[in-house]
Number of protein chains: 2
Amino acid sequence: MKLSTKGRYAVTAMMDLAIYGSAGPVTLADISQCQGISLSYLEQLFAKLRKAGLVEGVRGPGGGYRLARPANQISVAQIITAVDESVDMTRCKGEANCQDGESCLTHELWMDLSKRLYEFLDGITLADFVERPEVQEIARRQSREALRHHLLFGRFAA
Amino acid sequence: MKLSTKGRYAVTAMMDLAIYGSAGPVTLADISQCQGISLSYLEQLFAKLRKAGLVEGVRGPGGGYRLARPANQISVAQIITAVDESVDMTRCKGEANCQDGESCLTHELWMDLSKRLYEFLDGITLADFVERPEVQEIARRQSREALRHHLLFGRFAA
DNA sequence: ATATTCCCTAGCATAGCAGTCGGGATTGGA
DNA sequence: TCCAATCCCGACTGCTATGCTAGGGAATAT
């Protein structure tokens with residue numbers, strides 16, 4: 001497990017999907033503009049998120065991305081590992097017999113720590129963020145505006 | 001906050017200090033050999049750890065590094081932030097007024113998440129690892145060997 | 001049809017990682 | 001007093017991953 005700015009990009013983008021996704025798919029162009037991330041870079045990140053089964057894309061006008069599962073079934077740990085593929089384990093793993101044939105104890109301890117960290121991040125889902133009152137407030141405002149936008153442009157006008 | 005292999009090196013090295021440090025300072029050469037990390041690279045890491053006040057060096061023969069504080073007062077978060085200095089905040093921070101003048105909500109949420117993560121890692125101290133029975137066992141064996149080593153080389157022979 | 005969106009591949013500049021080298025300064029022990 | 005073991009410091013280097021650009025597809029609402 002690794003945690004860098006790349007993971008942050010993915011997590012914040014997924015938060016966007018979770019928050020604003022109630023009114024239909026969210027385009028990468030929107031996220032790009034809002035978060036200041038390059039569009040093509042976002043596309044590459046979302047390719048990984050899609051391969052990991054976390055999002056699904058909707059093509060064509062009015063398309064975008066939406067969560068592949070309910071927000072309470074997508075954890076932060078899943079997002080980070082999907083994007084930050086890093087299984088570069090310790091080098092001194094079995095064969096190195098430092099300390100009189102005993103394999104390095106600290107590696108065991110590190111494995112334990114990283115496991116704990118993963119479990120912690122796996123316990124935090126996107127829903128934990130979306131369900132907050134202030135987020136709900138903004139999301140409602142956003143969807144009202146989205147609806148007005150649709151009406152202005154005749155999206156729903158039969 | 002960031003978490004990469006660099007931070008892992010630092011944390012595992014600090015574990016070594018906490019475990020084997022009871023019998024005097026631990027040399028970087030030992031850690032280097034045990035963990036398979038380059039000596040000079042370790043020196044650079046420990047320079048940062050020392051500047052952060054987490055360890056103190058003892059020069060001369062028989063020297064090495066020891067923890068600057070008791071192990072239960074050194075958290076994993078402190079070690080990682082000491083070594084992984086990364087305060088590269090979000091780019092769209094106040095001035096970007098996406099979504100109708102409202103600053104990006106997801107940044108707030110990310111800040112909250114990283115704060116939670118820090119608090120989690122700050123709650124885990126080196127002592128949590130040292131105090132385990134199996135670690136205690138090995139540490140005792142190690143110190144017996146260290147003592148024998150001292151006697152063999154006449155360290156304590158008046 | 002056409003514009004909009006996702007999708008894919010290739011390349012590219014830069015920064016940071018991990019390491020090397022070469023030298024100090026300090027200090028315990030012979 | 002000298003030597004060897006340590007910590008300390010700075011500069012340099014190859015390599016990888018990051019973040020980004022460019023350029024093209026394929027699907028699909030209108």
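The chains referred to below are lettered A, B, ... by the order of the sequence lines, with proteins before strands, and numbering in each begins at 1.
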Test: salt bridge (Lys or Arg N to Asp or Glu O under 4.0 Å). Region: residues 49-62 of chain A. Which pairs qualify, not counting sequence neighbours?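 Every salt bridge (Lys or Arg N to Asp or Glu O under 4.0 Å) pair that includes a residue of residues 49-62 of chain A, provided the two are not neighbours, is A:Glu56-A:Arg66.
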Using a strict cut-off of less than 4.0 Å between a Lys/Arg side-chain nitrogen and an Asp/Glu carboxylate oxygen, indicate whether B:Asp84 and B:Lys48 qualify as a salt bridge. no
State whether a side-chain donor-acceptor pair under 3.5 Å links [X] with [Y].
| X | Y | result |
| --- | --- | --- |
| B:Gln35 | B:Asp16 | yes |
| B:Asp122 | B:Ser75 | yes |
| A:Thr125 | A:Gln73 | no |

Are any side-chain N or O atoms of B:Ser32 and backbone N or O atoms of B:Ile37, one a donor and one an acceptor, separated by less than 3.5 Å?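 Yes; judged by distance alone, with no hydrogens or angles, the pair exists.
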Could you state the [atom1]-[atom2] distance from [X] to [N], rounded to the nearest angstrom?
| X | N | atom1 | atom2 | answer |
| --- | --- | --- | --- | --- |
| A:Lys6 | C:dG16 | NZ | C1' | 14 Å |
| A:Ile31 | C:dT5 | CD1 | C1' | 13 Å |
| A:Leu28 | C:dC7 | CG | P | 8 Å |
| A:Asp30 | C:dC6 | CG | C1' | 14 Å |
| A:Glu56 | C:dC6 | CD | P | 13 Å |
| A:Lys48 | C:dC8 | NZ | P | 13 Å |
| B:Leu42 | C:dC17 | CG | P | 15 Å |
| A:Leu49 | C:dC6 | CG | P | 13 Å |

Identify the pairs formed between an N or O of the protein and an N or O of nucleotides 24-26 of chain C at a distance under 3.5 Å, and give each distance.
residue	atom	partner	partner atom	Å
C:dT26	O4'	B:Arg59	NH1	3.0

Under 4.0 Å from OP1 or OP2 of C:dA15: is there any side-chain N or O of B:Lys2 that close?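 Result: no.
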Between A:Tyr65 and C:dC7, is there a side-chain N or O to OP1/OP2 distance below 4.0 Å? yes
Which atom pairs link the protein and nucleotides 20-23 of chain C when you take only N or O atoms and keep those under 3.5 Å?
residue	atom	partner	partner atom	Å
C:dT20	O4	B:Gln44	NE2	3.0
C:dC21	N4	B:Ser40	OG	2.7

Can you name the closest pair of heavy atoms from B:Val76 and B:Val11 and give their distance?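 Looks like CG1-CG2, 4.1 Å.
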Would you say that B:Asn72 contacts B:Leu126 through its side chain, given a criterion of any heavy-atom pair below 4.5 Å between the two side chains?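 The answer is no; the side chains never approach within 4.5 Å.
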Of the nucleotides C:dC8, D:dC8, D:dT18, which has the atom closest to the A:Arg50 side chain?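 Looking only at heavy atoms from C-beta outward on A:Arg50, the closest nucleotide is C:dC8.
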In terms of the angle between their ring planes, are B:Phe46 and B:Tyr65 parallel, tilted or perpendicular, with boundaries placed at 30° and 60°?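 Geometry flag for B:Tyr65 against B:Phe46: tilted rings.
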Using a heavy-atom cut-off of under 4.0 Å over every strand shown, decide if A:Phe46 touches base, sugar-phosphate, or nothing. nothing
